[in-house]
S.K.: 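Let me begin by handing over the structure; questions about it come next.
Remember, it's 1-based here, ligands and their atoms both numbered in the order they're listed.
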Amino acid sequence: MEKLFVDLGKNSYDILISDSFNELPKALRGINAPKKLLIVTDTNVRDLYADEVHELLCSNGYDAAVYAFEAGEENKNMNSVLGICQACINHKLDRKSMIIALGGGVTGDMAGFAAAIYMRGIDFVQIPTTLLSQSDSSVGGKTGIDFAESKNILGAFHQPKLVYMNVSTLRTLPEEQFVSGMGEVIKHGIIRDSEFFEYLMNNAESIKALDSETLIKMDKRNCSIKADIVMQDEKENGLRAILNFGHTIGHAVESAYIFTKTHGECVGIGMAAAGYIAKKRGLINDAALSKIENILEMYGFKIFTKLPDKDSIYKFMQNDKKKLQGKLKFILPFEIGNVIQTADVTKEEIYEALEYIERG
Ligand code: GLY
């Protein structure tokens with residue numbers, strides 16, 4: 001079991017990384033979790049892990065119930081959140097009770113949001129079961145839902161009391177979802193840590209083979225990069241925006257594909273496109289851009305591909321909630337492990353980068 005501490009003053013918490021659920025009851029005792037718990041999951045993860053976690057908690061003296069909402073990003077909406085709140089009422093959760101989010105990013109974001117608003121805020125624990133949620137969304141306290149065709153447009157910062165990762169859950173993850181999660185892991189190397197980037201290059205075989213020891217090591221280093229950024233800028237007033245590397249174009253590509261491609265695959269395209277813009281500006285050289293492209297391809301990304309219509313991608317970029325005073329913010333690498341933030345990328349540069357992705 002590996003442990004990281006996210007130091008956010010009174011909102012601090014541990015991230016525990018293991019290869020089973022066995023140490024969850026001890027971890028919950030460690031945070032003085034109340035007896036009454038609601039395990040929130042989706043219909044896919046319910047069938048895989050909810051029984052195991054539910055029985056483990058009940059046999060350790062917890063009064064736990066399970067509530068599952070219909071799986072899928074299309075259900076990341078207010079109705080599902082209200083369903084979770086209704087389950088809190090049915091199970092008689094009070095202000096001292098706790099929600100356990102068991103699942104991927106959609107589950108963590110919605111269960112966390114329900115925890116942020118139920119009785120004006122109750123505690124919650126994240127048990128992420130996908131690589132995307134283990135590598136990114138379970139750490140940092142962003143919770144929320146999609147609304148009016150905009151991703152995560154409604155939400156709240158609400159930090160969990162604990163994040164408990166069991167890397168063996170990655171064995172039941174569809175391959176495309178594993179690739180998608182690797183997008184965020186690779187992103188963390190590019191924006192902050194060239195050594196970690198090299199580690200990912202040199203250990204691709206054991207990572208892809210889901211070797212537990214390697215995955216625990218990877219998750220630990222990955223989460224420490226994210227946690228370090230969150231600790232410096234919890235509410236995204238500055239530094240935290242670098243986590244959006246690849247997302248300015250990536251989110252728009254994801255929307256233009258009408259969510260038929262995974263988040264990570266679109267972020268991979270976004271990272272290659274941002275890398276190309278950086279190269280054209282002389283921030284990085286050909287070799288650095290090739291390294292970014294090579295590592296993505298090594299992990300199964302198809303970054304060079306026919307894209308949806310460029311005008312529609314550009315239009316979706318205009319809805320980006322990260323826009324400040326009408327200007328799109330871009331994160332561009334100036335070496336592997338370092339990025340800059342800029343708001344002066346032009347429409348021409350964006351179109352040229354999209355053409356580059358299509359040309360291959
Ligand atoms: N996923 C970006 C962030 O947590 O800020």
Side-chain angles (χ1 to χ4, degrees), residues 4 6-8 11-13 15 73 76 101 103-113 115-116 124 126 128 130-146 150-160 162-163 165 177 179-193 196 218-219 221-255 259 262-271 274 317 319-324 328-333 339-341:
L4 284 169
V6 186
D7 187 355
L8 293 169
N11 293 330
S12 299
Y13 52 95
I15 302 172
E73 177 83 28
K76 192 177 172 185
V106 172
T107 301
D109 283 10
M110 286 211 296
F113 187 43
F124 85 115
Q126 290 267 21
T130 63
L131 186 56
L132 196 61
S133 55
Q134 290 184 0
S135 63
D136 185 30
S137 60
S138 66
V139 176
K142 283 188 178 175
T143 73
I145 54 166
D146 306 334
S150 294
K151 272 188 73 142
N152 302 326
I153 193 86
L154 303 180
F157 283 101
H158 191 49
Q159 298 291 346
L162 168 76
V163 181
M165 298 180 187
Q177 292 301 329
V179 174
S180 179
M182 279 308 300
E184 302 296 340
V185 179
I186 292 166
K187 177 193 81 179
H188 289 143
I190 298 172
I191 63 175
R192 209 64 178 163
D193 189 337
F196 183 55
M218 178 185 87
D219 266 359
R221 183 68 207 140
N222 173 74
C223 289
S224 78
I225 296 170
K226 169 127 194 208
D228 179 58
I229 293 169
V230 171
M231 286 189 292
Q232 292 181 57
D233 179 22
E234 185 183 352
K235 300 277 172 72
E236 196 167 322
N237 293 314
L239 178 70
R240 187 166 177 168
I242 69 171
L243 292 167
N244 296 317
F245 172 56
H247 286 62
T248 314
I249 289 179
H251 266 155
V253 167
E254 197 180 354
S255 299
F259 298 98
T262 64
H263 174 69
E265 201 172 341
C266 298
V267 169
I269 291 170
M271 289 196 279
M317 288 176 74
N319 295 340
D320 193 318
K321 70 175 180 304
K322 305 277 157 71
K323 242 171 134 180
L324 268 190
L328 275 173
K329 269 208 286 188
F330 263 83
I331 314 302
L332 300 177
V339 287
I340 55 155
Q341 301 190 39

S.K.: A111: which residues meet the side chain to side chain contact (heavy atoms under 4.5 Å, CB included) condition with it, sequence neighbours left out?
M.R.: V40, I99, A101

S.K.: Do any nitrogen or oxygen atoms of K187 come within less than 3.5 Å of a nitrogen or oxygen of ligand 1?
M.R.: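 N/O-N/O distance under 3.5 Å: no.
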
S.K.: Which class fits the ring pair H251 and H263: parallel under 30°, tilted 30 to 60°, perpendicular over 60°?
M.R.: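 If you compare the ring of H251 with that of H263, the planes turn out tilted.
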
S.K.: Set out, in order, the CA-CA distance, both residues' side-chain angles and the distance that settles salt bridge (Lys or Arg N to Asp or Glu O under 4.0 Å) for K226 and E184, then state yes or no.
M.R.: CA-CA 10 Å; K226 169 127 194 208; E184 302 296 340; over 6 Å; no

S.K.: Considering only non-hydrogen protein atoms, determine which one is nearest to atom 4 (O) of ligand 1 and report residue, atom name and distance to 0.1 Å.
M.R.: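 For atom 4 (O) of ligand 1, the nearest protein heavy atom is K226 NZ, 2.6 Å.
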
S.K.: What do the steps show when you test N244 against E236 for side-chain contact (heavy atoms from CB on, under 4.5 Å), and what is the final call?
M.R.: CA-CA 11 Å; N244 296 317; E236 196 167 322; 3.3 Å; yes

S.K.: Is E184 near ligand 1, meaning one of its heavy atoms is under 4.0 Å from it?
M.R.: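 No, E184 has no heavy atom closer than 4.0 Å to ligand 1.
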
S.K.: Any non-hydrogen side-chain atom of F259 less than 4.5 Å from a side-chain atom of E254?
M.R.: yes

S.K.: Heavy-atom distances under 4.0 Å are what count here, so tell me which part of D136 touches ligand 1: side chain, backbone, both or neither.
M.R.: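 It is the side chain that touches ligand 1; the backbone stays farther off.
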
S.K.: Considering the heavy atoms of L243, write down every atom of ligand 1 situated less than 4.0 Å from one of them.
M.R.: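 Those qualifying, in numeric order: 2 (C), 3 (C), 5 (O).
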
S.K.: Could you tell me, atom by atom, which parts of ligand 1 come under 4.0 Å of a heavy atom of K142?
M.R.: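 Under 4.0 Å from K142, ligand 1 has these atoms: 2 (C), 3 (C), 4 (O), 5 (O).
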
